[in-house]
S.K.: 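Could you have a look at this structure, given as structure tokens, before my questions?
Whatever order the structure lists them in is the order used to number ligands and atoms, beginning at 1.
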Amino acid sequence: MNASFDTDVLIIGAGPAGSATAILLAAAGVRVVLVEQHAFPRQKVCGECLSAGALALLDELGVGEDLRALAAPEIRQVGWMGIERSVVAAFPRCASGAHPYGRAIGRDRLDTLLIGRARSLGVRVLQPAKVRHVTGTPGHFLCTVGLQVDAAAHRSSRAAANQLWLARVVIDAHGSWEQGPQVDEPHPRPAALRTPPREADLFAFKAIFVKSTLPPGLLPVIAFPGGYGGMVVADNGRTTLACCIRRDALRLSRAGMPGAPAGLAVAATLRSCRGVAEALASAEQEGAWLSVGPIRPGIRVDGDADIFRVGNAAGETHPLIGEGINMALQSARLVATRVSRLVDSRIDASSLHAANRAYAKQWRAAFGSRLRYATWYAQMAMRPAWAGALSGLLRTRPSLMTHAARWAGKASAATLTVIEDGI
Ligand SMILES: Cc1cc2nc3c(=O)[nH]c(=O)nc-3n(C[C@H](O)[C@H](O)[C@H](O)COP(=O)(O)OP(=O)(O)OC[C@H]3O[C@@H](n4cnc5c(N)ncnc54)[C@H](O)[C@@H]3O)c2cc1C
């Protein structure tokens, strides 16, 4: 099969990971094609909080100023909203870098800013377009891209037209909550993506409200039996409420409201936390509840694979710590450094796998402990006995919340650099 177009790097997906990787590669002089299946702006299930480290990376990517002009004020307080009690403490301050505190901004805005920046640096953006199939070998990948697949934006379009792209390197930034493209690789897909349904599977929900009474700059963790969530005032006074709920807890909450959409059942469960009910007492919902799932936190980065994975496609923490975008941006920086070196030379299986292994090793070193910590914290929040005990402890020692946020990486600067190993 002959390709109609060619590029150095083809990136699948324009979430924060894909767009950031595209920006960094384009700035390094690499020819990049970025493929995104949805038209922007679009909403996405996400708590929409950016930590101080993420803000520093967004400065590096060239969107910091625009972002700060849109985003909500700094997040200065962290909170805990249990069934009965709410506790508030100071947010940990990031001691180094330009930004002491994080901010919140809707994904409709953030993702649009990033893809726009990529475009302005000469990245060829195909949108809406979906990567359907990747085949070939390192240095010679053939990617089938279906154009005009966004059903909402192109209701009247007929069957999508396919383009065939030849790419020397392919980077998978398709996220983790939906099936990615078919990739013909000698290597099997990571086990996490093939696990059968489990009661512990998490489903994620998000809704936006206006007129909430949640204080701007406060980021509470919401803990309820079988799930957890977060709430924050983001840009334009919009309050984002997002949560994860176990399959069994979702079933239980839906049983209490037969026939109601899942989002309404989840909303009722969230409002069983007094702090949520109070903050939303006179709020109005803007748009519908969005949902995704099952989401399965874990590590998927794979140094033996023919394609690179970045962002959630490489690995995912429990959303409770709200570090996914930060990790997406940081892993973009790691992968872009490896790939920009790789495309400077002749690419074959050996050179590509050496670069991918070095990247995967650094990914694990950078994020492995954050994933473990987030899992522990999420289990505490979801189990009523543990959450009750923790709630009592936090009431007497609110400063533990500040420490917990620091341990989760919320006050860490964007200090990741590529280990110099000659690859
Ligand atoms: C409930 C919840 C709350 C969260 N809260 C926070 C928070 O407050 N702060 C934070 O930092 N993180 C949070 N996260 C995590 C964060 O949303 C993710 O980590 C982040 O979106 C990962 O970015 P990404 O670019 O890897 O993937 P995504 O953002 O998922 O982007 C992937 C993109 O790829 C596109 N795509 C997929 N398949 C194809 C294809 N075949 N062809 C073309 N395009 C394709 C998709 O349309 C999408 O735009 C939360 C997550 C959840 C579930």
S.K.: Heavy atoms, side chains only, cut-off 4.5 Å: are Arg246 and Met382 in contact?
M.R.: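 With C-beta onward as the side chain, the pair touches.
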S.K.: Anything under 30° is parallel, anything over 60° is perpendicular, the rest tilted; go ahead and classify Trp165 against Phe5.
M.R.: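 The rings of Trp165 and Phe5 lie parallel, inter-plane angle below 30°.
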S.K.: From the options Ala17, Cys46, Gly13, select the one whose nearest heavy atom is closest to atom 13 (C) of ligand 1.
M.R.: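 Checking each option, the heavy atom nearest atom 13 (C) of ligand 1 is found in Cys46.
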S.K.: With respect to atom 21 (O) of ligand 1, which of His174, Lys44, Arg107 exhibits the smallest heavy-atom separation?
M.R.: Arg107
S.K.: Would you say Arg42 touches ligand 1, if touching means a heavy atom closer than 4.0 Å?
M.R.: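 In this structure, Arg42 qualifies as a contact of ligand 1 - some heavy atom is under 4.0 Å.
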S.K.: What is the closest protein heavy atom to atom 35 (C) of ligand 1, and at what distance does it sit?
M.R.: Glu36 OE1, 3.2 Å
S.K.: Below a 4.0 angstrom heavy-atom separation, can you tell me which part of Ala104, side chain or backbone, both or neither, approaches ligand 1?
M.R.: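 For Ala104, there is no contact with ligand 1 at all, from either part.
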S.K.: So for Ser19, does at least one of its heavy atoms come nearer than 4.0 angstrom to any atom of ligand 1?
M.R.: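 Per 4.0 Å heavy-atom rule, Ser19 does not contact ligand 1.
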S.K.: So, is Ile325 polar-close to ligand 1, with some N/O to N/O distance under 3.5 Å?
M.R.: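 Yes; the residue has a nitrogen or oxygen that sits under 3.5 Å from a nitrogen or oxygen of the ligand.
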S.K.: Any side-chain heavy atom of Val232 sitting closer than 4.5 Å to one from Ile75?
M.R.: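 With C-beta onward as the side chain, the pair touches.
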S.K.: Geometry only, no angles: is Val131 polar-contacting ligand 1 at N/O separations under 3.5 Å?
M.R.: yes
S.K.: Does Gly230 have a non-hydrogen atom less than 4.0 Å from ligand 1?
M.R.: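 Flag not set, Gly230 not near ligand 1.
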S.K.: Do NZ/NE/NH1/NH2 and the carboxylate oxygens of Asp235 and Arg109 come within less than 4.0 Å?
M.R.: yes
S.K.: Ring-plane angle category for Trp80 and Tyr377, please: parallel below 30°, perpendicular beyond 60°, tilted otherwise.
M.R.: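 Geometry flag for Tyr377 against Trp80: parallel rings.
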S.K.: What protein heavy atom is closest to atom 23 (O) of ligand 1, reported as residue, atom name and distance in Å?
M.R.: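 Sorting protein heavy atoms by distance from atom 23 (O) of ligand 1 puts Pro16 CD, 3.7 Å first.
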S.K.: Quick test: of every protein heavy atom, which one is nearest to atom 22 (C) of ligand 1, and how far off is it to 0.1 Å?
M.R.: Asn312 OD1, 3.3 Å
